[in-house]
Every structure is written in structure tokens, then in C-alpha cells.
Amino acid sequence: MDTAAPADTPHTARTEEVLEVTERFVAHNYHPLEVVVTKAQGATVTDADGKQYLDFLAGYSALNFGHGHPAILEAAHKQLDRVTLTSRAFHNDQLGPFARELCGLIGKDMMLPMNTGAEAVEAGIKVARKWGYERKGVQPDQANIIVAAGNFHGRTTTVISFSDDDDARRNYGPYTPGFITVPFGDIAALEDAIDQNTVAVLLEPIQGEAGVVVPPAGYLPAVRTLTETNNVLFIADEIQSGLGRTGSTLACEHEGVVPDVYLLGKALGGGVVPVSAVVADTDVLGVLQPGQHGSTFGGNPLACAVGRVVVSLLSDGQFQERARTLGGILHTGLEQLRAKGVTAVRGRGLWAGIDIDPALGSGREVCRRLADYGVLAKDTHGPTIRFAPPLVATEAEILRGIDYLAKVLEDLA
Ligand SMILES: *Cc1c(COP(=O)(O)O)cnc(C)c1O
């Protein structure tokens, strides 16, 4: 692959045109790298000029099984030709089986199908509040939910109400009340915050957007004990950490923890359609009765047909095993860059948050240079970049990504 100073490579006319039209007609709520993806397969994407890149972001883990996984595409194609949408006004023949298979994989009684991750979080919050009033006996409108500092749970009005990211939150008030923030990983603070009106603790078992932050060992089991003792639901947002990424089906498994409610999304849609779910036992999800929650697209047969393949891909543990093995290689390689401009490496499985010495350049600058070399990654919060290649990546591809990061750091030194 080309290793010359590629930052100077001019864009072709076609790429310039795409960038221009996007800039002009699309709201500026993102700041994408100047790469125009036109096709992709497995862990490789191709831009408008025919240049190939390793995809080390994988759609923020929505593409755990890579681009164009044949089994996912085959199921999607078949279902496209059969029926794509019924609405929940009628039954379809994919939802029930998808729910049964997903519940079998996750180990819970029932699931509530939604579309995006933020919708699953919203649904989880609604269910927890309803459970609090109807099962726990909390007085009307008094319920509180405890969340962690540095959280990312999506972009809806309620969800950003308990974000501490100023960009995510500023000027979107008035905010939804009923949330208490405690430091992530601090069990004493959580214990202090729980009161008789607490209905749930909502956490990412590993905080993705915060920079792949793994809590101290023993934290999640302590949260489990504390919530159990106080009759509080433990809701794990596994939208980014779940479905194979960390080397197990769910990140909570690493700590032997079984929360009351799982929120799933991203990879559940196989990189094809948005599919999310709230997965819990009947004593929790059973609070929902007809008319009390819904979604026009939630549980649609196309989404469910894709979701069924995702569940089946995860059912024999091969992808989880791959994430563990490749993750070991990734983390070993990244640790070796510590003396060379990397100041911290966090994560688990095929998922890493990498802090770059700010003296070398920002996370964005590192990602821009990585793209020049042919690796797509994303910065989060200043000096941090994130690596989350698809689980179908090869060992050689993982090593190549690390080599290019090493080159970028050398170039910047
Ligand atoms: C991405 C993400 C969400 C939101 O998912 P969307 O599909 O973007 O709405 C929620 N929680 C976590 C942990 C996420 O990573």
C-alpha cells in the first residue's frame, strides 16, 4: 500500500462534488472525514476513487459481521421479495421466531422490538418507570433512574437530558427530570444515590463513546448486588458492547453479571437495517399492555429476518471466540505503541480506546492520517481514537491497522 505523504493527494472531481453537495444540503450535525465510501465487503471499504481502506470503525459496531455478510444479505434479499412491513396491527411470521431465538441467546423471557438504539433506551426507561409505579409501589411521578457520568445512550430529548456532554446537551432544554448522575465505576457513590424512589440503574458495562472505558473489576457485580438488595432494576445498555464485540455475547458476562434488562441495537441489524430490542423477564416487560408503547417499524419482518441471522451467527460462539483472539492481538500490538505516542489503551475483545499524546496531534488528526494510509477509524473526545474492526477481519488486517497507526505516530513525532 502507498506510504508516501498522501495527505497532499488531491481529491478527484467526483469526490469533490459529493463533499460539496453533502456540505450544502445535509445538516452539519456530523464532521465526517473526507472519504466517500461507494462500496464495501467484509472489513474493506472502497472510496469514489477506487482507493481501499480497512474499516476499523465498523459503523460504531453496527457492522460486527462485516460489510455484506453473505448469510445476512441472503436473508434480507429473500425477505425483501416476500414482505417487508406489516405494522404490529397484524402478525408477521418473522417476529415471533426472532423473539424466541433472541431470548434464547440472551437468556431472558421476552423482548420488545424497536428500531434505533435510542428508542431501545427510551423504551427501557419507560418500562422501568412503569415497573416502579406498578410493581415497586413508587408514588406517582417520583421515580428516579441513576446513570453514570460520561454515559452515551443516544440523542433523544430524554436521553440527552442525562448526558454530561455539553455538545450533546446544550440548548435542548427544558430537560426531562428524574435522573441522577454518579461517577462511573464508583460503587459507594451509587450506593449513596439509591433511595426508595429509585427504579433503575442504567449503565453501559463498557462506556463506548466515552473512549471504551472499562469499569474497575468487581464494579458490575457490586452494582448487581446493590440493585438486587434495593429492589432496583439493573439496565445494561449493551447496544455497542454487546453481540460479540468484547469476546462474549454480552460484555456483562465477563464479570459474571446478569442484569434485569438488556438494551441491544447496532449489530442486531446486521449493518443492513436498524434493529433494536429491550430484552428482559416477564415480571419487567410484562408491565406493557396493548397501546402502552409502540413503533410503526418495530418488529417489521425485514428487520426480524436480518436479526434472526445475527442471532444464529452468534449462537455457536465462533464470532465471540474470534473477537477474543483477534482482540488479544490488537491489544498486544497497541500496548507496544505506548512508548511511541500512545498514552493509554483501554478496552476488551476487538474494541480499543487509544489515547494519543496531545503533543503529537489531536485524535482527529491521527484519524485523518490513518485514512490517508488506508485505515478508517474515529476519534472520540479530543485525544482518543477508537478501533473496532469487524469481527470478520483477519489477523493480517488487524496487524496492518496497528502498523499504520505506528507509522502515523512516527510521522507526527
Ligand atoms: C449508539 C449507542 C446508542 C444509540 O443508538 P442509535 O442507534 O444511534 O440511536 C445507545 N447506547 C449506546 C451505548 C450506543 O453506543
Side-chain angles (χ1 to χ4, degrees), residues 27 29-30 32 57-64 112-128 145 147-165 167-169 172 176 179 181 184-185 200-215 220 223 234-246 249-252 259 261-279 295 297-298 300 303 306-307 310 346-353 377-381 384-388 390:
N29 60 325
Y30 280 88
L57 179 63
Y60 300 89
S61 291
L63 288 156
N64 278 1
L112 168 71
M114 298 299 290
N115 311 284
T116 64
E119 284 177 302
V121 177
E122 288 275 349
I125 289 167
K126 288 172 73 176
V127 165
I145 293 176
V147 299
N151 70 73
F152 181 86
H153 297 286
R155 300 294 200 163
T156 61
T157 315
T158 288
V159 169
I160 57 95
S161 292
F162 55 85
S163 168
D164 48 24
D165 176 342
D167 283 334
R169 195 172 189 278
Y172 292 131
T176 307
F179 299 94
T181 305
F184 186 56
V201 173
L202 166 63
L203 293 175
E204 300 156 84
I206 296 176
Q207 290 189 327
E209 299 308 300
V212 196
V213 178
V214 183
L220 296 175
V223 172
F234 181 1
I235 306 177
D237 180 346
E238 293 251 16
I239 289 167
Q240 194 167 159
S241 59
L243 305 179
R245 174 55 57 193
T246 65
T249 303
L250 299 155
C252 284
V261 180
Y262 293 104
L263 308 177
L264 301 175
K266 293 203 164 96
L268 195 56
V272 176
V273 278
V275 185
S276 67
V278 180
V279 190
S295 161
F297 282 88
N300 74 75
V306 167
V310 168
R346 294 171 299 275
R348 190 159 244 166
L350 201 51
W351 200 20
K378 179 73 175 75
D379 52 306
T380 111
H381 298 111
T384 303
I385 64 171
R386 161 179 32 193
F387 275 180

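Both ligands and their constituent atoms are indexed starting at 1 by order of listing.
At distances below 3.5 Å, not a single donor-acceptor pair connects side-chain atoms of Arg386 with backbone N or O atoms of Ala352. Although no hydrogens or angles enter the test, the distance criterion places no donor-acceptor pair under 3.5 Å between the side chain of Asp237 and the main chain of Val121. In this structure, the side chain of Asn64 does not engage the main chain of Gly244 through any donor-acceptor pair within 3.5 Å.
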Side-chain donor-acceptor contacts of residues 268-276 below 3.5 Å, not counting sequence neighbours, with atom names and distances?
unit_1, atom_1, unit_2, atom_2, d
Ser276, OG, Asn115, N, 3.1
Ser276, OG, Asn115, O, 3.3
Ser276, OG, Thr116, O, 2.7

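For Gly117, a nitrogen or oxygen atom sits less than 3.5 Å from a nitrogen or oxygen atom of ligand 1, counting backbone and side chain alike. Note: no N/O pair closer than 3.5 Å links Glu119 and ligand 1 by distance alone.
Contact annotation for atom 8 (O) of ligand 1: protein absent (non-hydrogen atoms, distance under 4.0 Å).
For the residues Glu204, His153, Lys266, the heavy atom positioned nearest atom 14 (C) of ligand 1 is part of Lys266.
In the vicinity of Asp237, heavy-atom distances shorter than 4.0 Å reach the ligand 1 atoms 10 (C), 11 (N), 12 (C), 13 (C). Near Phe152, meaning under 4.0 Å from any of its heavy atoms, are these atoms of ligand 1: 1 (C), 2 (C), 3 (C), 11 (N), 12 (C), 13 (C), 14 (C).
In this structure Phe234 satisfies the ring pair (Phe, Tyr, Trp, His ring centres under 6.0 Å) test with no other residue, sequence neighbours excluded.
In terms of protein heavy-atom proximity, atom 4 (C) of ligand 1 is nearest to Ala118 N, 3.6 Å.
Glu209 has its side chain within reach of Gln240: a pair of non-hydrogen atoms, C-beta onward, lies under 4.5 Å apart.
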